[in-house]
Amino acid sequence: MFEQLGLIGCGLMGGSFALAMKKAGLVQRVVGYSKSPSTTERARQLGVIDVEAPSALLAAAGADIVLLAVPVAATEATLKAIKHLVTPQMLVMDVGSTKADVVKAARSALQGQLGSFVPAHPITGREVSGVEHADASLYHGRQVILTPTERTLTAQLRRAEELWTQLGARVSSMSPESHDAAFAAVSHLPHMLAFAMLSSINAQPNANELLALAGPGFRDFTRIAASDPKMWRDILRANRDEVLAQSRLFKQALQGLEDAMQADSDQPLEDLITLASHTRAHWRMGAQRGHKDA
């Protein structure tokens with residue numbers, strides 16, 4: 001049980017975390033802050049937070065757990081704002097989708113207080129954003145990956161593992177670098193491809209006519225293109241090197257399909273499609289994890 005959660009960022013992810021902690025009976029009071037005062041007020045009206053704070057510092061004041069649910073680019077400034085209140089007894093976490101940059105920001109901002117920080121990435125989310133969409137069940141049954149630093153206190157890492165587990169998540173650990181390399185492949189590049197797909201259609205003079213003809217396959221493939229633009233701008237820039245490496249591999253695979261389409265035989269193209277179809281048919285979300293290389 002935590003006495004007070006200091007929630008910095010009262011949107012979908014932060015709001016859902018607060019509601020999940022409340023539903024599980026893990027926190028007595030939630031003090032929240034968002035850059036937009038109207039968001040903070042709305043979070044209180046919806047019962048996501050109990051008290052509005054006028055700053056990140058005051059949201060963290062008196063808290064024994066602090067969650068940063070802010071854009072990854074804002075991590076360092078936010079941690080600097082609360083640095084003087086962070087103690088070895090306080091658990092500080094984030095929910096950012098990239099981790100090497102977050103860890104670098106935490107090292108710079110927290111310095112001697114770095115041991116309290118446990119970087120976290122819940123593998124969940126929605127295309128919609130905002131506290132109005134906060135859901136206490138958002139993290140239930142989902143993976144949460146922790147990427148502790150070399151100075152993260154063992155006690156705080158264990159508290160983070162126990163907390164996410166009590167919220168119904170499946171918890172594992174990776175190094176920040178391994179995390180970013182993996183998610184460049186399975187999350188960040190797919191988003192970039194969805195953005196590129198819509199961009200390629202928008203660039204055509206008959207874009208509206210094409211979109212009017214699109215069906216379920218197009219809907220499913222491009223669903224993630226509706227994600228928050230500013231958040232994904234930050235993610236793609238933060239993990240640029242890894243995403244570009246995956247993009248090069250994708251271009252090679254696309255070239256392979258194009259070459260097979262132009263081959264004299266049908267077999268090369270069928271073989272490539274068969275391999276992709278088999279891989280997708282046997283894939284299960286969250287399966288075969290549990291390694292710890294942190």
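Here the straight-line distance linking atom NZ of K251 with atom CD of Q246 works out to 12.5 Å at 0.5 Å rounding. Between the CG atom of L211 and the CG atom of N202 there is a distance of 6.5 Å, given to the nearest 0.5 Å. To the nearest 0.5 Å, atom CG of residue L7 and atom CE of residue M13 are 11.5 Å apart. Residue S187 holds its OG atom at 7.5 Å from CD1 of I123, rounded to the nearest 0.5 Å. The OG1 atom of T75 sits 10.5 Å away from atom CD1 of I8, with the distance rounded to the nearest 0.5 Å. Atom OG of S227 sits about 14.5 Å away from atom CZ of R233, to the nearest 0.5 Å.
Nearest heavy atoms, M197 versus F218: CG-CE1, 4.4 Å. In plain terms, the two heavy atoms of H188 and N239 that are nearest each other are ND1-ND2, 3.0 Å. Between S129 and D228, the shortest heavy-atom distance links the atoms OG-OD1, 4.2 Å. Nearest heavy-atom pair, R107 versus L114, reported as atom, atom and distance to 0.1 Å: CG-CD2, 3.7 Å. In terms of heavy atoms, A136 sits closest to K23 at CB-CD, 3.9 Å. When all heavy atoms are compared, the tightest approach of A120 to V144 is CB-CG1, 4.4 Å.
The closest side-chain heavy-atom distance from L269 to L257 is below 4.5 Å. Using a 4.5 Å heavy-atom threshold, the side chains of F183 and S97 count as separate. Within the 4.5 Å cutoff, no side-chain heavy atoms of R44 are placed close to those of V48. At a threshold of 4.5 Å between non-hydrogen side-chain atoms, the residues I49 and T40 count as touching. With a 4.5 Å cut-off on side-chain heavy atoms, M93 and W164 count as touching. Side-chain contact check for V30 versus M21: every heavy-atom pair is 4.5 Å or farther apart. The closest side-chain heavy-atom distance from E209 to L213 is not below 4.5 Å. For the pair L26/M1, no side-chain contact is recorded, criterion being any heavy-atom separation below 4.5 Å from C-beta on.
The environment of NZ in K104 is sparse: at most 12 heavy-atom neighbours from other residues, nucleotides or ligands sit within 6.0 Å. Crowding of E3 atom CD: a count of heavy atoms from other residues, nucleotides or ligands under 6.0 Å not exceeding 12. Remark: N206 CG is packed, more than 12 non-hydrogen atoms of other residues, nucleotides or ligands lying under 6.0 Å away. By the 6.0 Å contact criterion, NE2 on H191 is enclosed, its count of non-hydrogen atoms from other residues, nucleotides or ligands being greater than 12.
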* Please assess H121 against V95 for the test side chain to side chain contact (heavy atoms under 4.5 Å, CB included), listing each intermediate value before the final yes or no. => CA-CA 5 Å; H121 178 198; V95 291; over 6 Å; no

* Going through the distances and angles, do S108 and E76 end up as a side-chain hydrogen bond (donor to acceptor under 3.5 Å, both in side chains)? -> CA-CA 7 Å; S108 174; E76 184 170 356; 2.8 Å; yes

* Asked: How far apart are the C-alpha atoms of Q28 and Q4, what are their side-chain angles, what is the distance that settles it, and do they pass the side chain to side chain contact (heavy atoms under 4.5 Å, CB included) test?
  -> CA-CA 6 Å; Q28 294 181 5; Q4 182 173 306; over 6 Å; no

* Steps toward side-chain hydrogen bond (donor to acceptor under 3.5 Å, both in side chains) verdict (S36, S34) -> CA-CA 5 Å; S36 167; S34 282; over 6 Å; no

* Step-by-step salt bridge (charged side-chain N to carboxylate O under 4.0 Å, His left out) determination, R237 to D101 -> CA-CA 10 Å; R237 288 183 63 84; D101 61 320; over 6 Å; no

* So F17 and I65, side chain to side chain contact (heavy atoms under 4.5 Å, CB included) or not? Walk me through it. -> CA-CA 12 Å; F17 184 83; I65 176 173; 4.2 Å; yes

* To do: Apply side-chain hydrogen bond (donor to acceptor under 3.5 Å, both in side chains) to S178 and S175, showing your working.
  => CA-CA 5 Å; S178 296; S175 70; 2.9 Å; yes

* Is there a side chain to side chain contact (heavy atoms under 4.5 Å, CB included) between S173 and E161 once you walk through the steps? -> CA-CA 9 Å; S173 296; E161 291 173 341; 4.2 Å; yes

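In this structure a side-chain-to-backbone donor-acceptor pair under 3.5 Å is present from S55 to L58. At distances below 3.5 Å, not a single donor-acceptor pair connects side-chain atoms of T98 with backbone N or O atoms of A238. When atom types are taken as modelled, the side chain of S265 and the backbone of Q267 share a donor-acceptor pair closer than 3.5 angstrom. Checking side-chain atoms of Q204 against main-chain N and O of S200 turns up a donor-acceptor pair under 3.5 Å. Side chain of D234 to backbone of P71: no donor-acceptor contact under 3.5 angstrom is found. Looking only at distances, a side-chain donor or acceptor of S116 sits under 3.5 Å from a matching main-chain atom of T87. Checked by atom type and distance alone, the side chain of R151 pairs as donor or acceptor with a backbone atom of Q111 at under 3.5 Å.
Hydrophobic cluster membership differs between V31 and L163, with clusters built from Ile, Leu, Val, Met, Phe, Trp and Tyr side chains linked at under 4.5 angstrom. No continuous path of hydrophobic side-chain contacts links L57 to V70 [ILVMFWY only; heavy atoms under 4.5 Å]. The hydrophobic clustering, which links ILVMFWY residues whose side-chain heavy atoms are closer than 4.5 Å, places V51 and L5 apart. L67 and V86 sit in two unconnected hydrophobic clusters of ILVMFWY residues. Membership requires side-chain heavy atoms under 4.5 Å apart, directly or through other members. The cluster map of Ile, Leu, Val, Met, Phe, Trp and Tyr, joined by side-chain heavy atoms under 4.5 Å apart, puts V118 and L110 in different clusters.
Just one residue in the list I273, T274, L272 forms a side chain to side chain contact (heavy atoms under 4.5 Å, CB included) with E270, and that residue is T274. Under the side chain to side chain contact (heavy atoms under 4.5 Å, CB included) test applied with L12, the options L138, T124, V131, D135 reduce to a single match, L138. Each of D180, T149, T147, D94 was evaluated against K99; a single residue qualifies, D94, per the side-chain hydrogen bond (donor to acceptor under 3.5 Å, both in side chains) test.
W232 and F195 have perpendicular rings, their planes meeting at more than 60° on a 0 to 90° scale where under 30° would count as parallel.
The side chain to side chain contact (heavy atoms under 4.5 Å, CB included) check on A182 picks up M174, with sequence neighbours excluded.
Salt-bridge annotation for R158 and E162: absent, with no side-chain N of the basic residue lying under 4.0 Å from a carboxylate O of the acidic one.
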